[in-house]
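Computation of the quantities below employed the complete heavy-atom set of this structure, encompassing side-chain atoms and omitting hydrogens, waters and symmetry-equivalent molecules. Numbers restart at 1 for each chain; the letters A, B, ... are given by sequence-line order, proteins then strands. This structure is a prediction, so every number in the text was calculated from the model and none was measured.
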Number of protein chains: 2
Amino acid sequence: MTQRSTTRSTTRSATPGRRAGPEAAPTPLRPETRAEGFRQARHARRIELSEDYVELIGDLIRTVGEARQVDIAARLGVAQPTVAKMLKRLADEGLVLQRPYRGVFLTAAGEVLAERSRQRHRVVEAFLCALGVSAETARRDSEGIEHHVSDETLDAMRRFTARAGKASDGR
Amino acid sequence: MTQRSTTRSTTRSATPGRRAGPEAAPTPLRPETRAEGFRQARHARRIELSEDYVELIGDLIRTVGEARQVDIAARLGVAQPTVAKMLKRLADEGLVLQRPYRGVFLTAAGEVLAERSRQRHRVVEAFLCALGVSAETARRDSEGIEHHVSDETLDAMRRFTARAGKASDGR
DNA sequence: CCCGATTTATAGCAATGGCTATAAACAGTC
DNA sequence: GACTGTTTATAGCCATTGCTATAAATCGGG
């Protein structure tokens, strides 16, 4: 919870006696309503890195048996110290557990978040494929989109993918 | 261009003689390939704020006749000094023009970016509606998604929306 | 023409997420 | 058991994007 009272002087779109012309604002604009979406997007931006990390860590443990900083760094395309700092934050948040010079492990909470992210990621990627975009594009776009998809939209995607027959998401 | 040589020791998933078990990595993982998506997402995160601002400024000018900091702040759900600082950056980037204590205006470049963002935003929102999610959710999710949609995916969305009959995006 | 209210500008703080450079720990080899 | 090469840890540094608090400018009425 970062900002709170931001909606102070807020609204009243067409200010009293200012140089705005014809009363302005027909209807399409409603400050607080729009702010909702932006707030949601900002929030998503805040947590998406955590999600990316735990998801990747889960993948690494599953496939290579362990999650090392160098591997995480290579896959995220960032430097190792960046990963180290991030892991410290994730540890503070109780998502991972790291023993110095040994590996990184997911806590129960981390496991949950990782699984949820992975799930969502797969749904989005499969959906994009079903929609007709190339596998390459689906993979890249889904990386950014997955964090901004609400449960409702996710459901719609799931339904569409299933209906699209290909059974890509299947299972 | 921020990072460059990040792919130093990079790859070779299963390190020489480490405690990883059976050579590891069956195939699904390819460090550099995954990094692509993350890099793209990070880049999108960098510019999406600019896009939000110019898009909103364009909307305000069009509907209320002018774009004032208080209105921008209210609609984005942030404090006014945050907007002031951001506008300075946008001015540096040549996207807006601000005369102190008067309003904010879009430069030609800003106009272009605003229009493109607005377009994309509308396509995504209409697409989500066509997909079957509620208007409310479509509005909120599209705010976050629009920045992560490549041209290819955008085309696919456009096609789907049109095909879906409703002619929502049509215009 | 001055007063109060609104709006904009500015200063300073904090958290986040990148980076490089370097030191410390570890693993494997000889 | 010491050497070499990875890997992790740590210490700066910088840019970004939020915030509060406060000062300066502008606007609308009296």
Please state whether the rings of B:F127 and B:F160 are parallel, tilted or perpendicular, taking 30° and 60° as the class boundaries.
perpendicular
Once you round it to whole Å, what is the distance between P of D:dT7 and CG of A:L60?
14 Å
Does B:T82 make a side-chain N or O approach to OP1 or OP2 of D:dC19 shorter than 4.0 Å?
yes
Between A:A135 and A:C129, which heavy-atom pair has the shortest distance, and what is it?
CA-SG, 4.2 Å
Under a 4.0 Å threshold between the charged nitrogen and the carboxylate oxygen, would B:R45 count as salt-bridged to A:E48?
yes
Whole-Å distance separating the CD atom of B:E66 from the C1' atom of D:dT26:
13 Å
Tell me the interatomic distance from B:R68, atom CZ, to C:dA5, atom C1', rounded to whole angstroms.
13 Å
Salt bridge B:D92-B:R89, side-chain N to carboxylate O under 4.0 Å:
no
Polar atoms only, N or O, under 3.5 Å: list the protein pairs with nucleotides 9-16 of chain D and their distances.
unit_1	atom_1	unit_2	atom_2	d
D:dA9	OP1	A:Y101	N	3.3
D:dA9	OP2	A:Q69	NE2	2.4
D:dA9	N7	A:Q80	NE2	3.0
D:dA9	N6	A:Q80	OE1	3.4

Rounded distance (Å) that lies between atom P of C:dT6 and atom CD1 of B:I72
19 Å
Integer-rounded Å distance: C:dT6 P and B:D71 CG
14 Å
Does a side-chain N-to-carboxylate-O contact under 4.0 Å join A:D59 and A:R75?
no
Interatomic distance, A:F38 CZ vs D:dT17 P [rounded to whole Å]:
14 Å
For B:R39 and C:dG17, give me the distance from atom CZ to atom P, rounded to whole Å.
18 Å
Does the salt bridge (charged side-chain N to carboxylate O under 4.0 Å, His left out) test come out yes or no for A:E143 and A:R139, once each step is laid out?
CA-CA 7 Å; A:E143 200 66 69; A:R139 193 167 44 64; over 6 Å; no
